[in-house]
Number of protein chains: 2
Amino acid sequence: MRLLVLDFLLKQQAAVSLNDLEAAFHRADRITLYRTLKTFEEKGLVHSIADGTGSVKYALCEEGCACAPEDLHVHFHCNICNETYCLPKSRIPEIALPENFKTEEISLIMKGTCASCS
Amino acid sequence: MRLLVLDFLLKQQAAVSLNDLEAAFHRADRITLYRTLKTFEEKGLVHSIADGTGSVKYALCEEGCACAPEDLHVHFHCNICNETYCLPKSRIPEIALPENFKTEEISLIMKGTCASCS
DNA sequence: TAAAGAATGCAATGCAGTTGCATGCAAACA
DNA sequence: TGTTTGCATGCAACTGCATTGCATTCTTTA
């Protein structure tokens with residue numbers, strides 16, 4: 001089952017939600033898919049993206065992607081096709097913070113129209 | 001009631017969730033507070049922040065804050081005190097996007113430790 | 001004062017995420 | 001080879017937050 005999910009993820013251009021997975025594997029149980037994603041996330045295979053749509057998306061980590069602050073990329077949510085894409089080439093620039101603020105995580109979500117829909 | 005909520009918001013340093021409001025106004029109905037926030041948001045008085053904690057936070061808009069892409073500030077969520085702050089002085093820098101991607105909204109959430117908790 | 005419109009409160013719904021428990025499979029071990 | 005142990009799967013149920021419908025109350029205005 002996990003192999004099937006991994007295979008499915010490899011074929012995706014966009015990040016997938018639990019619902020997407022469920023639709024693709026209608027024979028499998030929602031819970032199993034959920035736990036599969038959680039396991040993948042723990043092992044560092046995928047990272048989760050809260051794109052503000054209410055449902056968390058998951059995408060495969062790139063080679064050497066530690067999903068750590070120093071290796072963060074931008075996520076783009078298209079309002080037309082409702083897909084969320086990783087933009088590994090768009091790095092998050094350094095942000096000036098007030099004194100004594102320590103960053104552990106950064107999440108940058110852009111919303112608009114993607115290349116396919118414009 | 002709306003005046004009370006507005007007054008409460010004015011006193012806050014951090015963004016408030018619906019639960020925060022409910023705790024502060026335990027005499028008022030959750031739904032009323034919810035609709036009050038929605039109304040404020042529609043009118044441009046507050047902006048909503050999805051900080052990834054599962055509950056949406058609201059904060060008063062600054063003077064002249066159009067909450068538009070060109071006027072976006074950073075939000076900071078402290079993992080210790082669980083508060084979410086607006087950092088109006090930390091502007092979101094220009095991000096290089098792939099060809100034909102059009103941005104309409106940007107949301108940048110940083111997580112870590114705030115000044116009070118460090 | 002009467003009527004119209006808006007605000008409030010109660011109840012109920014929907015959805016996403018999550019957990020507990022029982023079952024089944026498969027590898028490790030005696 | 002038979003047993004045991006651990007993990008994966010599936011079902012059911014629960015939680016929390018957001019949201020809507022409907023009835024009631026308040027306010028405004030003619």
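Model, not experiment: these values are computed from the prediction.
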With a cut-off of less than 4.0 Å, is there a side-chain N or O of T32(B) near OP1 or OP2 of dG9(C)?
yes
E42(A) CD to dT18(C) C1', in whole Å, measures 14 Å
To the nearest angstrom, how far is D29(A) atom CG from dG17(C) atom P?
15 Å
Send over the distance from Y34(A) OH to dC15(C) P, rounded to a whole Å.
19 Å
From CG of L3(A) across to P of dC25(C) the rounded distance in Å is 18 Å
Note: E104(B)-K111(A) ion pair, threshold 4.0 Å (strictly below)
no
Please confirm whether the shortest side-chain N or O distance from R2(B) to OP1 or OP2 of dT8(C) is below 4.0 Å.
yes
Would you check if the side chain of T32(A) reaches a backbone N or O of A28(A) as a donor-acceptor pair within less than 3.5 Å?
no
Do any side-chain nitrogens or oxygens of N19(B) fall under 4.0 Å of OP1 or OP2 in dG16(D)?
no
Inter-residue atom distance L108(B).CG - I95(B).CD1, 0.5 Å rounding:
7.0 Å
Polar side chain donor-acceptor pair, N100(B) to S118(A), under 3.5 angstrom
no
Check whether any side-chain N or O of K38(B) sits under 4.0 Å from OP1 or OP2 of dA18(D), and answer yes or no.
no
NA contact type, R35(A), heavy-atom cut-off 4.0 Å: base, sugar-phosphate, or nothing?
base
Test of ring centre spacing under 6.0 Å for H73(A) and H75(A)
yes
If you find the nucleotide of DNA chain D closest to T39(A) and the one closest to I31(B), which residue's nucleotide is nearer the 5' end?
T39(A)
In this structure, how many angstroms lie between the P atom of dC17(D) and the OH atom of Y58(B), rounded?
13 Å
Atom CG of L37(B) and atom C1' of dC17(D) are separated, to the nearest Å, by 13 Å
Length of the line joining I49(A):CD1 and dG17(C):P, which is rounded to integer Å
13 Å
R30(B) has an atom CZ; how far is it from atom C1' of dT19(D), in whole Å?
11 Å
